[in-house]
*Asks:* 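The structure follows.
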Amino acid sequence: MTLDEAADLGAAHELATLVIRAGRLRDEGFGRLLTYSPKVFIPLTKLCRDVCHYCTFAKTPKQVDAPYLEIDEVLAIARRGRDTGCREALFTLGEKPELRYQAARNWLAKHGYASTVDYLVEAAGAVLRETGLIPHINAGTLSRNELRRLRRVSASMGIMVESGSSRLLEKGAAHHGSPDKRPWRRLATLVRAGQLRIPMTTGLLVGIGETREERLQDLLHIRRLQDRYGHIQEVIIQNFRAKADTRMAQSPEPSREELCWTIAMARLILGRDMSIQAPPNLSPGAVEPLVAAGINDWGGISPVTPDHVNPEAPWPEITELRHQCAAAGKRLSARLTIYPRYLKAYENWLEPGPRGACLAASDADGLLRDSSWYPGLRGAGEVPAVDRFPVDGELRAIVDRCRAGATPSTREIEMLFGARGSDFHAVCRAADELRSEQVGEAVSFVVNRNINYTNVCQYACSFCAFSKGRVEEQQGRERPYDIDGSELARRALEAWECGATEVCLQGGIHPAYTGETYLSVLRTLRETVPELHIHAFSPLEVTHGAQTLGLSLRDYLQRLREAGLATLPGTAAEILVDRVRAKICPDKLSTKEWLEVMAIAHDLGLRTTATMMFGHVDEARDWAEHLLKLRQLQEQTGGFTEFVPLPFVAQGAPMARRGESRFGPTLREAILVHAVARLVLGHSFTNIQTSWVKMGRERAMDCLNAGANDLGGTLLNESITRAAGAAHGQVWDARDMRDAILGQGRQPRMRRTDYRDADPDTVQRAFAWDGVIAESLNLPAGRSARSKLSH
Ligand code: SF4
């Protein structure tokens, strides 16, 4: 759009028409979503070398107790914010006060800093390091080097254009005497930030003496910057408020219509994907008109600190704002200081320090996590509340088609995964009803024992806290072990005596293991307890075994079957999307190879489970693709017994420790994966399992009300999830599990691995077990593999 075209557009239409067009455009980009960032405001210094005539933030040295906040004061503010759910630390400060005030120079020299920015780097770094709050920095005009240093300790920065009009620098105008308000300086900072790939906030201050045409000119400048660098993540359209004790105290404030006209024009010029923001505290009572004009964001709102730039204007109360947004047709959600599309491309936009903090705080949509629940950890968390919205019509239609057995598209499944508020509850309810229709009210479980025969692994999956391969990552972890055949036999016998019907065997890929190793495992188990069902070897182990013996997958699977293998676990699937696998398990088998092993196993009559480990670097689109691939194979072979969602447990995982992944799905996402799995897979899979080790016992019950019908195994000796930091015990005994299911008003059913009922003898043995097992003997691992034969 040229300036003439923008001016013509703005002049040719009534405000009401512009608002309708802008609102539609916003809805195309953001739908029902309206965001804000819970923040604390940290005014590192109120001294400023500029003298903008509308400002009450800037003070002289005589008006402040100290030129700068001390680091302890900064951290105290940040900690207060953290304790009330904030994630953004907004550093707003005066510009280069040391160039104007001796007091600033003295303070910096005394504390060992060369400049305000030098101190700001230290303060923001301390907040990031010690509180986990993520700095957003408003420090005015900055050099390339200053921006580069600040990028290491912040996720985003901001500099308002305010107005590009040079007239405002003239005597008597708003920016007279303020050298940093020269438009070219501010635009130059934005250009440098673009070159350095820093997500930026900018915007206009409406009503400080500029004309409409000048505002349009500024918006077009911002648009050009965005087209060139793609780094403008939001544009604030802020209305001037006249403050007492300023030279502009008597200047007229812009009307509501003028503000809405500017918001609408900003939306029409900057497009559907640009975040347009208006501060809610500067326009009390105007939620509906501002939303209608095209905003999608309210900016930072603080539960603990005032708006130091507009101290006379209190922040709105979030619950009330949420209600007002709902009345305007929008669902209010909390976001991080960095917007989702920048966080999703974090390799380009974030340094390692802020990156880890942002990912840890983020959900799969790139918004702020909405509950305190984490997979594998104790702590109940909160299931999302129902809100006042009617269920989305398109979502309801997708749910209905799924219930009727239709195959949804990737985009439709993504939409199900995006459900929040009432939509979330509608998806869960539909999944629960479908579960009831498909499998009734029984909740099944199997009494089993996990045997993880070695934790030595030649692979380096970045999510895996279990494997021991690289010395540098072993500190504080369990030592490398490799159990021998007699221990294998002992554990199998003990499992049988405890009432187990199944042993589940998986381990790392010890470099000395061959296909014969896995065959010896089977022989030992078969000889020790012929009645035990052997559920063993992921597609990775099968592939490794076949390769080391030079056999085809089919021939090797056939040999495993003859040696006693009954079914295979569908682990090593992680996410069946190669662009995700390239990040989390680059050296492991590909999506195609995983599916191939499963297809051959099914063809040979070996049934398998299917899993999905989610909540790390993946997105809802990847989950959708994963489900569709499983469904397609199941429709061809019918060989999967169940689908098991595995929420990523981050605590001990290398990629989470390195700040390269999220910290697992949120509770909403974890429950939704079960519900969406029922809707998408239920017709072909029948059984959807919930993993109590990852979900926790209480939250696993929520999944039973959202499409799941199976609680998996009682899991004597579970150790893979515990190695990743999970706190949920290593066994949930059959009596307690039965009682928990009864407590949900459902019918417990002890099953075998293939979902037939367990026989009465086994049930009796399982319920009679006194909960005591001998200590496991994990023998130290060596270069060669220990024999897996028991004699
Ligand atoms: Fe090895 Fe499996 Fe861990 Fe990957 S996930 S490192 S293959 S044990």
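Note that ligands are numbered from 1 as they come in the structure, with each ligand's atoms numbered from 1 the same way. What you are looking at is a predicted structure, and each value in this text was computed from that prediction instead of being measured.
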*Asks:* Check whether Asp618 reaches the backbone of Gly615 with its side chain - one donor and one acceptor, N or O, closer than 3.5 Å.
*Replies:* yes
*Asks:* Taking only heavy atoms of Gly508, which atoms of ligand 1 are found under 4.0 Å from at least one of them?
*Replies:* 8 (S)
*Asks:* When you measure from atom 4 (Fe) of ligand 1 to every protein heavy atom, which one gives the shortest distance, and what is it?
*Replies:* Cys461 SG, 2.3 Å
*Asks:* Of all the non-hydrogen atoms in the protein, which one sits nearest to atom 7 (S) of ligand 1, and at what distance?
*Replies:*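 Going by distance alone, atom 7 (S) of ligand 1 is nearest to Leu540 CD2, 3.3 Å.
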*Asks:* Do His616 and Ser661 get their side chains close enough for a donor-acceptor pair, meaning under 3.5 Å?
*Replies:* no
*Asks:* Where do Gly564 and Arg526 come nearest, in terms of heavy atoms and distance?
*Replies:*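 In terms of heavy atoms, the two residues are closest at O-NH2, 3.1 Å.
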*Asks:* Output yes if Cys457 passes the N/O/S-under-2.8 Å test against atom 1 (Fe) of ligand 1; output no otherwise.
*Replies:* yes
*Asks:* Just jot down the ligand 1 atoms closer than 4.0 angstrom to any heavy atom of Phe463, in number order.
*Replies:* 5 (S)
*Asks:* Which residue and atom name correspond to the protein heavy atom nearest atom 5 (S) of ligand 1, and how close is it?
*Replies:* Lys588 NZ, 3.5 Å
*Asks:* Assign the ring pair Tyr518 / His544 to parallel, tilted or perpendicular, where the plane angle (0 to 90°) is split at 30° and 60°.
*Replies:* perpendicular
*Asks:* Decide, counting backbone as well as side-chain atoms, whether Cys464 has an N, O or S atom less than 2.8 Å from atom 3 (Fe) of ligand 1.
*Replies:*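 Here the distance criterion (N, O or S atom, under 2.8 Å) is met by Cys464, so yes.
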*Asks:* Would you tell me whether Thr666 and Asp363 have side-chain atoms, one donor and one acceptor, within less than 3.5 Å of each other?
*Replies:*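 There is no such pair between these side chains.
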*Asks:* Below 4.0 angstrom, N of the basic side chain to O of the carboxylate: do Glu516 and Arg559 qualify?
*Replies:* yes
